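Each remark here refers to the structure printed beneath this line.
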Amino acid sequence: MWKFWIVNITFDIGLKNFMKYYSLNKKSPIVNFKGATINGQAPDKGLYFPEKLPEVSSALIENIENLPDAEIAFRVIEPYVGDCIPNLDLFDIVKETVNFPIPLKKVGDNISSLELFHGPTLAFKDVGARFMSRCLGYFLKNEERKVTVLVATSGDTGGAVANGFYDVKGVNVIILYPKGRVSPVQEKQLTTLGKNIIALEVDGTFDDCQQMVKQAFIDKEINEKRFLTSANSINVARWLPQQFYYFFAYKQWKEKGKQPVVCVPSGNFGNICAGLLAKVTGLPLGHFIAACNVNDIVSDYLKTEKLVPKTAVATLSNAMDVGNPSNFVRIIELFQKEFPALKNNLSSYTITDTETIETIKRIYTQYHYTLDPHGAVAWLALERYLEQFPDQKGFILETAHPVKFPDAVIEATGKGVEIPPSISSIMHREKETVEIKPDFESLKDYLLA
Ligand SMILES: *Cc1c(COP(=O)(O)O)cnc(C)c1O
């Protein structure tokens, strides 16, 4: 019955491995994929990491141009899921996760753009959120308890999580967002779904929202009444599927003999960490660049080998305004804490808001291609690297559709961005929110009511 889907590769049905995950703080029990997905973070507050990294099969790499995306994704994720989800169910989950195009478009002479914004909420987070929600839904299928996913958003995460978890049985989603501080498209994505998705409009900042959520996770009373979990990028079920599109990029890369330089606009460093994991396990990619806005503690780390958190500063590429990137410890672990190896594989550049606007403008004028602020940060960072290595070529990850950041794009190009038909329908829907004050007690009252 497998043969339907799998044209070129057969399943190793008898040889299921049992991937285990340990906490990077080393003080929690080992768990399997199910345990890591449901827990999110380990009890000792560490991030989960796979015990033994699988090797990408050479057959997959050699045949990649002939394989459907869903089959590639299945092959990539299967060893990480192990026996927690049967192959047929996992294949369905993967097929739904990547049911939209992820094209690699050549834009400049030596720079291409991997467009990750064709999913339902127009951001790369759709991939991780769709995969995670379906896995969690699968694990809770036969359980009595209902899970509440609690998440704070500055814009993009909330939309992807809301959409990914929409109508998933056994899961309620509560999203906190700062009133008046997300873009119109983002707000509609958060507030118009209904059913199991509730948007709390907080009369405060994103930091307030995040603080309230953090407190809720450690509050005894709330945790006795509700089973809370988070859907942020530290969850392995959100982190690992982000490898998929690095494989799709390689599938579309024309010069297979020449490894592409990969440039990722980075905030919490989950996305780039997934790419590095793909590379370390066998996907032939070249040097990696972490493109950052002025929140750039990783640049300092690469110079000094010291990771010193800073308070985040607000920028135009606000999904990357992170002063203490939570996934960076996974990158350090990936290179077995060997600083020289890490440095050989990873560089970082810092791009200012002024440079971001200039880049959107210049690329629009030169190539008629509209970058969003995050993509623009990546573009300029990759240009800087290629100035030093002019014989190389590479691609950026364009992580969001420019329509989600209209102010910056209008400032740079003088033109608005057309709303894609896929979401123009939600722009007419009425928003539904519960307004709450920016303090923990208000959230607690809501959760206990
Ligand atoms: C979340 C986000 C990022 C940063 O991704 P990380 O995995 O946190 O590094 C970059 N761009 C956009 C548009 C995002 O929404």
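Note that ligands are numbered from 1 as they come in the structure, with each ligand's atoms numbered from 1 the same way. Counting from 1, the numbers follow the sequence of the chain as shown. Model, not experiment: these values are computed from the prediction.
- Contact residues of ligand 1 (protein heavy atom closer than 4.0 angstrom to a ligand atom; sorted by chain and number): F124, K125, D156, P265, S266, G267, N268, F269, G270, N271, A319, M320, H374, T399, A400.
- Between K105 and E115, at least one side-chain nitrogen of the basic residue sits less than 4.0 Å from a carboxylate oxygen of the acidic one, meeting the salt-bridge criterion.
- Using a 30° and 60° split on the angle between ring planes, F131 and F244 fall in the perpendicular class, above 60°.
- At distances below 3.5 Å, not a single donor-acceptor pair connects side-chain atoms of K45 with backbone N or O atoms of N25.
- Sorted by first and then second residue, the pairs that involve residues 310-334 and meet ring pair (Phe, Tyr, Trp, His ring centres under 6.0 Å), not counting sequence neighbours, are F269-F328, Y301-F328.
- Not counting sequence neighbours, K303 has no partner by the salt bridge (charged side-chain N to carboxylate O under 4.0 Å, His left out) test.
- Listed by chain and residue number, nothing satisfies the salt bridge (charged side-chain N to carboxylate O under 4.0 Å, His left out) test with R330 (two or more places apart in sequence, or in another chain).
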